[in-house]
Amino acid sequence: MAFRTEQEVDSLHATIECEQPQPDLYKFVGRINIYKDKEEPVARPLGAENLLLRGATLKNTQHIYAVAVYTGMETKMALNYQSKSQKRSAVEKSMNAFLIVYLCILISKAVINTVLKYAWQWSPDRDEPWYNHRTENERQRHVVIRAFTDFLAFMVLFNYIIPVSMYVTVEMQKFLGSYFITWDEEMFDEELGEGAQVNTSDLNEELGQVEYVFTDKTGTLTENNMEFIECCVDGNVYIPHAICNGQILSAASSIDMIDSSPGGYRREHEDLFFRALCLCHTVQVKEEETVDGIKRGIHQGRPTSFYISSSPDEVALVEGMKRLGYTYLRLRDNYMEILNKDDEIERFELLHVLNFDSVRRRMSVIVKSSSGEYLLFCKGADSSIFPRVVSGKVEQVKARVEQNAVEGLRTLCVAYRRLSETEYEEVCHHLNEAKLALQDREQRLAQAYDIIERDFVLLGATAVEDRLQEKAADTIESLHKAGMKVWVLTGDKMETAAATCYASKLFRRSTQILELTKKRTEEQSLHDVLFELNRTVLRQRSISGLSVDCLDFGLIIDGATLSAVLKPNQEGAGPGNYREIFLEICRNCSAVLCCRMAPLQKAQIVKLIKASKEHPITLAIGDGANDVSMILEAHVGIGIMGKEGRQAARNSDYAIPKFKHLKKMLLVHGHYYYIRIAELVQYFFYKNVCFIFPQFLYQFFCGFSQQPLYDTAYLTLYNISFTSLPILLYSLVEQHVTMETLKREPSLYRDIAKNSLLRWPVFLYWTCLGVFDAVIFFFGAYFLFDNTTFTSNGQMFGNWTFGTLVFTVLVFTVTLKLALDTHHWTWINHFVIWGSLLFYVIFSLLWGGIIWPFLNYQRMYYVFMQMLSSGPAWLSIILLITVSLLPDVIKKVLCRAVCPSATERAQSSRPCLTVEPSTIFMLSQSSSRMSF
C-alpha cells in the first residue's frame, strides 16, 4: 500500500498510536492503523526508520509527505537538550580558597584596627584633641554604631588586598592564550585542512594537570580507515591482489591455506559467502556528490558510484567483495542487485532486515532469490555466531579468526540458513507480532531475533584492518613518561584491542597482563578473581619497594565484568567493596584496557576514577558519538575530527585533527598554560600584600584615623595601570624552558603535577614574602627618614612625600620581582616592563603639576619632584629595592644549588633566553595560523 500523490495522501484515513515522548534518538515505537471503506483497519508497524528527526536533510528525494507526531518541547531533540556540567579547573578552586584566606585577613585587619582605635582613644585627650572637636550629633551617637562605622571605614581602606582585578586578568589571559592553540601550525592537518579548535578557554591550565587519559581505540588510536585484508571460506583464505611468488594474482584468486580439496561444495559455499557479504549490510550506493566542498564519486572525469554507510566496516567489506569479483550495484524497489564474477546481474528481493545491536552483536537479512528460494544471511562477532552454528568447518574458521585477532585485525563471521515456505511464514509472524507491539517492543524483537537466528551453517569469516594512527605509539609513550596513566576504552573484542595496545606501546612485551574478563569470572567467582589480582599487585608493590626492578602491570577488563564490579550491592561483600578493590588494582597498573564497552560504561569508568579518593584530573579523547558521554564526564574533553562525524568535536572542550597532536597539547601548551597562570595568581596576591600591608602599619602612626598612606590616584591606578600589563604579558608569553625541551623530556610534566605551584606551602611563601617586602618598604623609609631634614632649605618630608616614597619602592620592587622570574625575554617584555615603570614616573610628574601645571592636585603638588630632588631619597629607593629582592634571589640560588628540580636542571643545561619577536604576540596579523 503506497501513497505517492497529494490526492492519495489527502484521501488517507488513519490513526497513529505511539509511545510517550522520550529522548532516545534511535528508538521509536508506534503503529499506524489505516482505515479503508468499512473493512477492518490494516495495522503497520512504525519504528525508528520511519521517524525523521528535526534538522534532518533530504538526500534521495525532493520532498516527502509526513505527519508530525511530536512537537515543541516534546520532540526528541528538545528532550535531549542538556546543559553541559560546569567544569572548573583546579586553579580556579585554588584561587577561590586563597581569596577566602585574604578575605579573612581583610576582616581581621579591620577588626584589629577598630579595637586598637578605641583602646588608643580611651584617654580623653586622645579621644577629642583640641584640633579636632566633635559635633553634638557625633557625641550623642551610640558607641556600637560608631565602632561599626569605623569597622566599615577600615574595610574600605584595606579592601585593595582583595585582588578583584586578578579575575579580570585571568579571564583575559585564558581568552588570549587560547589563540596560541589555534595558531599552532604543528597542530594543523593538511588532509583535513583544519587545525586545533578551542571550544572553551576556561580549562587551558587543566591541560597541564592531567593524570588519567581515557582514549577510544577506533578512529582515535587507529585511523578508522577500514581496509579489507582477507576472508576465509571453509578454511580457504582469499586475499585481494595477493602476491604469490613475486606475481600479483588476480582479484578473485585464492590462497588455499588449509583445505585444498576442490569440489562443487566448496564452490557453492564460496558463492554463498560472497553473496552474503554483498547482501547483508545497510550500505547505500551514491552517485557523484559534493561533501564538504569536495566532489566524491568522480573517476577520470566520469561520474561513478561509491558506497556510504554509518559503519566503515560495512563499506570495507562491500568494497572487498568488489575486488574479489562480486559487486553490489544498488537497492531498487526493494530489490538488491549484485554483479557476480561472471558479469551476470543477480536480483534478490529484500524481505526483512534484522538490524545490528550491541547486545546481539550481529545483523541479518532475509532475501528471496530469483529462483524463489528464501535465504537468511547473518554476520556478526564470533562470540555471537559460533554458538548458533550447527554445521560448517568451525574449527578451521575459528583458528583463522583467532590468528587475525592476535594480529590486530577486526573480524566478523558469516553464516546462513535456508528457509522453507512454512519457516518463512513463521518468521514473518514472529516479526510482525513483535513490531506491532507498543509495549516492550525491543524485548519482543530480541526474542523474535533469537528464535529466527539459529541453526546456521557457517560460511567463513572476514578480516578488516584499521591501521594505527601516525605517531600514536610515540604519543602514548610520551604520556607514560610524563606520569599519566592511559586507559583504552573500546567496544572491540579483547584480542583485537590487545593487539592494538601492544602496537601502540600501551602494553610492552615485559608487561604482565592481568585479566578480569567474563571468561575468567565464569571459571572463578568475581570475588575470588578480584582478591587474587589484588594480592598479586600488592605483593609486587611490596617487593618493588626493596628491589630496583619493578614489574609493570596491565589490566584487561570487559564490559560484562565491569557491570558486575559496579553493581551497588554484592553478595558476600559490603556495598561498594568490589569497587574499591578494583580501584586499588587499577592504581597499581600502568595501563588499563577496557573492551566490549558500551558508551554509558565509558562515562561510568571516568566518573569512577574522578570520584576516587585521590580526585585525579581526567582527560577523555574520542572521535565518535559513542565517546560524547565520557568526553562530557571528564575534567577535560578532547574530540578528534574523525570520520565518525563531528559530535565528539562539537561536545568537547578542545578539538584536534589527530591523536598525535595530544602530545603537544598537553606537554607543551598545557605545561606553559599552567606555569603562567600559577605565577599570575601567586603574583597578584603577593603584590596586593605588598601594597596594603604598609597601609595597615601606617595606622599605628596616625592614631587609627583611617588616614590613607597613598594618594587616591595611586590607590586607583596601582592594579589598573602600574602593575597590570607586565604580569598579563608574562602570563601569555613566558617559556621557562623551550618547546623542544618539553617535547624531548616529557618527565618535566611531573614537576607541575597535582597543582604543585598552587599548593598551600607555595602560597604561604608568596604571602610571607609580600609581608616581608611591605615591612621593608614601610620601616625602611620610616627609620631612614626619622628626625632628619632632606631638602637643601632644611624642609622635612610630609606624610604625602613619605607615602609616595613607599609607593615608588613598591612599584619598582614588584615589577623587578617579575623581571627576575622571567626566563623568556622578547622585545615586548622589555617594552612592557620598563615602559610600566616609565609610565609611573611620567604620571607622577603630571599628577604633581610638574609637566602640565594645570593638572596639579593640591595635596600632591610638587611632592614627587621634591622627593626626587633629595639625594638620600634616591639612595633609600635603591637600597630598599635591593634588600626587598635579595631574600627571594638567595632562596632561588640555594634551591638550584642544593636540590634542583628536573625543570631547573633543564634550564641550566639549555638556557631559554632566545628572542622570537615575530612569533610571540601579534594579534594584529591577518594570518589565521601562527607558529607558537
Sole candidate of Val353, Asn355, Leu376 that passes side chain to side chain contact (heavy atoms under 4.5 Å, CB included) when paired with Ser364 | Leu376
If you measure from the Lys or Arg side-chain nitrogens to the Asp or Glu carboxylate oxygens, is any gap between Arg418 and Glu373 under 4.0 Å?
-> yes
Spacing of Tyr335 atom OH and Leu350 atom CG [to the nearest 0.5 Å] | 10.5 Å
Under the ring pair (Phe, Tyr, Trp, His ring centres under 6.0 Å) test, residues paired with Tyr65 that sit two or more places apart | His63
Gap separating the OG atom of Ser371 from the CD atom of Glu346, nearest 0.5 angstrom = 10.0 Å
Partner of Lys379 by side chain to side chain contact (heavy atoms under 4.5 Å, CB included), out of Leu459, Val365, Ile385, Leu317 = Leu317
Passing candidate, side chain to side chain contact (heavy atoms under 4.5 Å, CB included) with Asp216, options Leu489, Asp623, Thr222 | Asp623
Within 45° of the six-membered ring axis of Phe386 and under 6.0 Å from that ring's centre, is NZ or CZ of Lys398 located there?
-> yes
Rounding to 0.5 Å, atoms NZ (Lys602) and OG (Ser629) come to a distance of 7.5 Å
Looking at the rings of His281 and Tyr328, which for Trp means the six-membered one, are their centres under 6.0 Å apart?
-> yes
More than 12 heavy atoms of other groups within 6.0 Å of Glu49 CD = yes
All salt bridge (charged side-chain N to carboxylate O under 4.0 Å, His left out) counterparts of Glu423, not counting sequence neighbours | Arg417
